[in-house]
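Each remark here refers to the structure printed beneath this line.
Fair warning: this is a prediction, and the values are worked out from it, not measured in the lab.
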Amino acid sequence: MLKDKTILVTGAGDGIGKAAAIKYAALGANLILLGRTLSNLEKSYDEIISNGSPTPIISLMDLSKADANDYQDLIDNLSDKYGCLDGLLLNAGILGDRAPISQYDVPTWVNTLHVNLTAQFILTQTLLPALYKSKNASVIFTSSGVGKIGKAFWGAYSVSKFGTEALCQILSAEHHNEPSIRFNCINPGPVQTKMRKLAYPLEDEKLLLKPEDILDKYIWLMSDDSLGIDGQSIDCQTS
Ligand SMILES: NC(=O)c1ccc[n+]([C@@H]2O[C@H](COP(=O)([O-])OP(=O)(O)OC[C@H]3O[C@@H](n4cnc5c(N)ncnc54)[C@H](OP(=O)(O)O)[C@@H]3O)[C@@H](O)[C@H]2O)c1
């Protein structure tokens with residue numbers, strides 16, 4: 001389904017991003033694995049190779065610290081190697097604090113907004129020229145249930161996901177007359193990952209789906225089967 005597409009996944013070293021990257025590669029895509037922890041990215045890389053999928057490339061980048069040179073290097077390396085980008089899964093994210101606004105730590109707020117929202121904006125802006133070169137480009141932002149309804153104690157994480165939904169809608173509207181590129185949000189729902197454990201430490205994680213179990217919509221949105229779907233917010237798990 002994704003044969004010969006070039007796809008960049010952020011947060012490709014763990015959780016949902018890792019599972020999506022491995023699956024996209026298994027479906028024939030050339031993967032750029034972006035993340036902040038080399039050892040995790042190498043595990044994703046090794047699994048892709050051992051599956052016999054196309055050889056990926058690793059892009060080590062900490063989104064909380066990356067500067068203009070890092071973003072320029074990313075687009076330069078991508079342009080040299082592939083020329084264009086067909087898919088971008090903006091998945092990397094952090095939880096921040098679970099705390100009331102009255103006590104929310106200000107530096108944590110700033111960093112959470114930066115990693116979860118501002119870095120998504122910079123990455124998208126940086127990569128747009130490569131995405132414009134694709135015949136059918138798909139950009140997928142990662143949202144959350146608390147990106148649509150504000151809930152107590154979700155602070156900066158919730159605000160960042162509301163912002164992500166807005167960023168996606170704005171980009172979709174700005175490209176209304178350009179059907180070769182589309183922008184959608186995906187909400188994975190509760191999934192057994194490190195972030196979920198951090199948010200719900202007392203929960204029985206065995207009751208949750210694993211990242212590998214929720215990938216249908218990730219594949220569909222990235223593939224040409226979903227051409228024409230644009231500016232939507234898609235839930236992976238509907239009750
Ligand atoms: N799991 C859920 O139940 C759930 C529900 C709704 C939405 N989501 C969303 O789904 C996405 C994936 O979440 P997950 O549950 O898979 O989380 P996860 O297991 O914690 O994985 C997050 C990934 O993001 C990477 N990352 C974090 N900070 C980064 C930074 N500064 N620079 C680069 N990469 C960074 C991590 O890198 P390391 O390898 O260094 O850790 C990791 O690969 C997130 O956007 C999250 O908000 C998850």
Side-chain angles (χ1 to χ4, degrees), residues 1-3 5 7-29 31-35 37 40-41 43-45 47-48 50-51 53 56 86-96 98 115-117 120 138-149 151 154 157-158 160-162 164-165 167-168 182-227 229-239:
M1 273 170 98
L2 301 176
K3 191 162 167 26
K5 284 187 184 283
I7 299 174
L8 189 152
V9 176
T10 72
D14 208 351
I16 297 165
K18 177 180 183 180
I22 290 168
K23 187 68 184 176
Y24 287 161
L27 293 169
L31 262 291
I32 298 142
L33 309 170
L34 188 148
T37 306
N40 285 350
L41 294 170
K43 283 181 196 149
S44 302
Y45 179 100
E47 208 166 321
I48 288 172
S50 70
N51 287 343
S53 304
D86 303 297
L88 173 59
L89 173 59
L90 294 153
N91 159 86
I94 53 174
L95 185 64
R98 297 286 317 278
V115 172
N116 290 4
L117 179 58
Q120 319 302 315
S138 176
V139 178
I140 306 175
F141 291 90
T142 307
S143 184
S144 163
V146 294
K148 297 169 199 180
I149 299 169
K151 286 195 188 150
W154 282 87
Y157 179 86
S158 176
S160 74
K161 297 299 186 181
F162 268 84
T164 297
E165 294 271 355
L167 178 60
C168 177
R182 57 217 174 82
F183 304 86
N184 293 285
C185 274
I186 200 161
N187 168 23
V191 183
Q192 203 184 108
T193 66
K194 278 195 192 128
M195 182 187 286
R196 178 76 190 184
K197 191 76 188 162
L198 211 55
Y200 296 93
L202 301 179
E203 182 177 57
D204 181 358
E205 60 184 358
K206 289 195 287 302
L207 299 175
L208 300 174
L209 292 176
K210 293 190 172 147
E212 298 74 27
D213 301 327
I214 54 124
L215 295 178
D216 285 2
K217 299 267 171 52
Y218 282 80
I219 297 163
W220 175 70
L221 271 182
M222 197 51 91
S223 79
D224 292 349
D225 284 359
S226 59
L227 283 180
I229 303 295
D230 191 11
Q232 304 293 308
S233 186
I234 309 275
D235 289 320
C236 287
Q237 301 180 52
T238 42
S239 48

Donor-acceptor check, side chain of [X] to backbone of [Y], threshold 3.5 angstrom: yes or no?
X	Y	answer
N184	Q232	yes
R196	P190	no
Q192	E205	yes
S44	A12	yes
Q120	V115	yes
S158	V146	yes
T10	N91	yes
D230	F183	yes

Take atom NZ in K148; do more than 12 heavy atoms of anything else shown fall under 6.0 Å from it?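 Yes, NZ of K148 has more than 12 neighbouring heavy atoms, counting only those of other groups under 6.0 Å.
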Within the supplied structure, the quantity of interest is the number of heavy atoms (other residues, nucleotides, ligands) at a distance under 6.0 Å from L207 CG; does it exceed 12?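 For L207, atom CG is crowded (more than 12 foreign heavy atoms under 6.0 Å).
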Out of T142, T238, D235, which one pairs with N187 under the side chain to side chain donor-acceptor pair (under 3.5 Å) rule? D235
Working to the nearest 0.5 Å, report the span between [atom1] of [X] and [atom2] of [Y].
X	Y	atom1	atom2	result
K194	L198	NZ	CG	10.5 Å
K23	D216	NZ	CG	8.5 Å
E165	C185	CD	SG	4.0 Å

Is the closest side-chain heavy-atom distance between I48 and L33 below 4.5 Å? yes
Using a 4.5 Å cut-off on heavy atoms from C-beta on, say whether the side chain of N116 contacts that of I94. yes
Verdict with supporting geometry, K18 and N40, side-chain contact (heavy atoms from CB on, under 4.5 Å): CA-CA 9 Å; K18 177 180 183 180; N40 285 350; over 6 Å; no
Could you please spell out the steps behind the side-chain contact (heavy atoms from CB on, under 4.5 Å) verdict for I229 and R182? CA-CA 7 Å; I229 303 295; R182 57 217 174 82; 4.2 Å; yes
